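All of these numbers come straight from a predicted model, not from anything done at the bench.
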Amino acid sequence: MTQFKTEHGVIVDVDDELAARIGGKWKPVGADEQPEGDPDASWTLPQLKTFASEHGIDLGGAKTKPKILAAITESDTSDEGDDEETDEDDESSDE
């Protein structure tokens, strides 16, 4: 079960299958408390889901903590080249 806070501040328990499909204004309880650094096994499921959502990471069908963490890790690896392009764009705008 995952706890969500509705847009009205009400906390509800939702089974994991439904939690994977919930979006919009509902946020996992504790999601606002993001740890420092890169996601790892010490992060909670709601923290991992929030990180993925905020960083535009597609979790596909991942519903468990290990699978979500793997999806985030794979995305971080594939996004490394994107940062270099962003830096080059920034440098050209300074000229």
Quiz item: Could you state the interatomic distance from CG (D58) to CD1 (I72), rounded to the nearest 0.5 Å?
Solution: 11.5 Å
Quiz prompt | Minimum-distance pair of heavy atoms, taken over all atoms of L69 and A41 | solution = CD2-N, 3.6 Å
Practice problem: Give a yes or no answer on whether the side chain of S75 reaches the backbone of A71 with a donor-acceptor pair at less than 3.5 Å. | Solution: no
Quiz prompt | For D13, side chain to side chain donor-acceptor pair (under 3.5 Å) partners two or more places apart | solution = Q3
Quiz item: Which heavy-atom pair separates L59 from I68 by the least distance, and what is that distance?
Solution: CD2-CG2, 3.9 Å
Quiz prompt | Heavy-atom closest contact (W43 atom, E36 atom, distance) | solution = CZ2-O, 4.2 Å
Exercise. Search all heavy atoms of L48 against all heavy atoms of K65 and return the closest pair with its distance.
Key: CD1-CG, 3.6 Å
Quiz prompt | Option passing side chain to side chain contact (heavy atoms under 4.5 Å, CB included) with F51 (candidates K49, E54, H55) | solution = H55
